[in-house]
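Here is the structure we will look at.
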Amino acid sequence: MKRSDIGIKNPFGKLKRIIVGIVDGARVPELDILVLATMPKKYIDFFNKNGGKSFPKKYIEGAKKELNNFTKILESKGIIVDRPKKINFSKPISTPYWKTKSGLYAAMPRDLLLVIDTKIIAAPMSWRCRYREIEAYKDLLALYESMGYEIIIPPKPKLKDELYNKNVVLNESYFVSILNESEPVFDAADFIVLDKIIIGQESHVTNKAGIEWLKNVLGKNYEICIIKTNDNKPMHIDATILPLKEGLILVNPERIDIQKLRSQLPNQFKTWEFVEAPKPIVKENDPPKYMSSDWLNINILTLDSNTAIVEESQEPLVKLLEKYGFDIIKIPFKNFQCFGGSFHCAAQEIIRGKE
Ligand code: DAV
């Protein structure tokens, strides 16, 4: 393939190829310090009881149907959809330093893969249960390499006990990281790539050393802008801000004040509009969001500058986006949301055209 036919030419350009995750064999992470620091308090018991076991079958089955429907809709728009390979997540993972009861899943390609034009970086993730997750993407990465992408695999982190600040007193009102700087780690979903500018955050899965590693690898052609938010248990940035099209960013008003966000971004964003997202619609009989806040309403996927996929129950957000000229495709995704993300997390764009 020609170099001009691959990569992300414009973050808001026409979507042509994408990875959509799978929930097959998804396992509940064990209750360790990282899960304790990031997951909703009301589900700590769930993790305690079910760590290493399968997620409830009904949510896996429901999410599979939702993912297949999501995939079909993308394909009906002429978009090529790649899926990771099923690998066995039920097996314990062990290294000379530690052992887990199980793996996690291959549901969230956004967490693992950072695509910057024609570079694909496989994030050195800090959750031990995600140590083997890249295996589900090996065939796809080989395919993308043959298409002309540069695949970048950072040194595998050791994830020894000493990486985690066991004595940190978890605080509900401000962020004190579980991670120290003993080796670089990050999740790809802590970064949003806007051409040559990458907006990111430090979190319970991304440390300063990880951010430095990324800066060094990307070099002078890229600017990494790290923002501070009010998120007291940050893990992934895509329920905090979500750029919608050139000049427009959707903002979670509980996580960051628009003026504060503006003041932290480079000059190029001075003329951009920042719009507050409406509160998520939560219904009593919704499946449990074991691994996220309710703000997954923001976690949408744009197919181009005029089209977005939004969860079908999120009417206030649909109305807002329509006001900004978007055609909205509403689809169900509540079962998938049990696993910690929505459309944006479940996907990773591989090719976007210029417009
Ligand atoms: O509640 O902020 C964001 C997305 C996680 N992958 C949250 C979750």
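In listed order, ligands and their atoms are each counted from 1. Starting from 1, each residue takes its place in the sequence as its number.
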- Would a line drawn from the ring center of Phe191 to the ring center of Phe186 be shorter than 6.0 Å? yes

- Closest to atom 6 (N) of ligand 1 among Lys233, His236, Lys289 (heavy-atom distance): His236

- Task: Decide yes or no for Val193 and Val115: does some side-chain heavy atom of the first lie under 4.5 Å from some side-chain heavy atom of the second?
- Result: no

- Taking C-beta and beyond as the side chain, do Gln337 and Asp286 meet within less than 4.5 Å on heavy atoms? no

- Query: When you measure from the centre of the six-membered ring of Phe326, is the NZ or CZ of Lys245 under 6.0 Å away and within 45° of the axis?
  - Reply: yes

For [X], atoms of ligand 1 separated by under 4.0 Å from a heavy atom:
| X | value |
| --- | --- |
| Arg255 | 1 (O), 2 (O), 7 (C) |
| Ser293 | 1 (O), 2 (O), 7 (C) |
| Gly340 | 4 (C), 5 (C), 6 (N) |

Does ligand 1 have any atom sitting under 4.0 Å from a heavy atom of [X]?
| X | result |
| --- | --- |
| Gly341 | no |
| Met291 | no |
| Asp238 | yes |

- Task: May I ask you to decide if the ring planes of Phe46 and Tyr43 are parallel, tilted or perpendicular, using 30° and 60° as cut-offs?
- Result: perpendicular

Scan the side chains in residues 19-35 for donor-acceptor partners under 3.5 Å anywhere in the protein, sequence neighbours excluded, and list what turns up.
unit_1: Asp24; atom_1: OD2; unit_2: Lys64; atom_2: NZ; d: 3.4
unit_1: Arg27; atom_1: NH1; unit_2: Gly52; atom_2: O; d: 3.0
unit_1: Glu30; atom_1: OE2; unit_2: Lys101; atom_2: N; d: 2.5
unit_1: Asp32; atom_1: OD1; unit_2: Leu34; atom_2: N; d: 3.1
unit_1: Asp32; atom_1: OD1; unit_2: Val35; atom_2: N; d: 3.0

- Query: What residue and heavy atom of the protein are closest to atom 8 (C) of ligand 1, and at what distance?
  - Reply: Ser292 CB, 3.8 Å

- Could you check atom 3 (C) of ligand 1 against the protein and tell me its nearest heavy-atom contact, residue, atom and distance included? Ala239 CB, 3.6 Å

- Is it true that atom NZ of Lys14 has more than 12 heavy atoms of other residues, nucleotides or ligands lying nearer than 6.0 Å? no

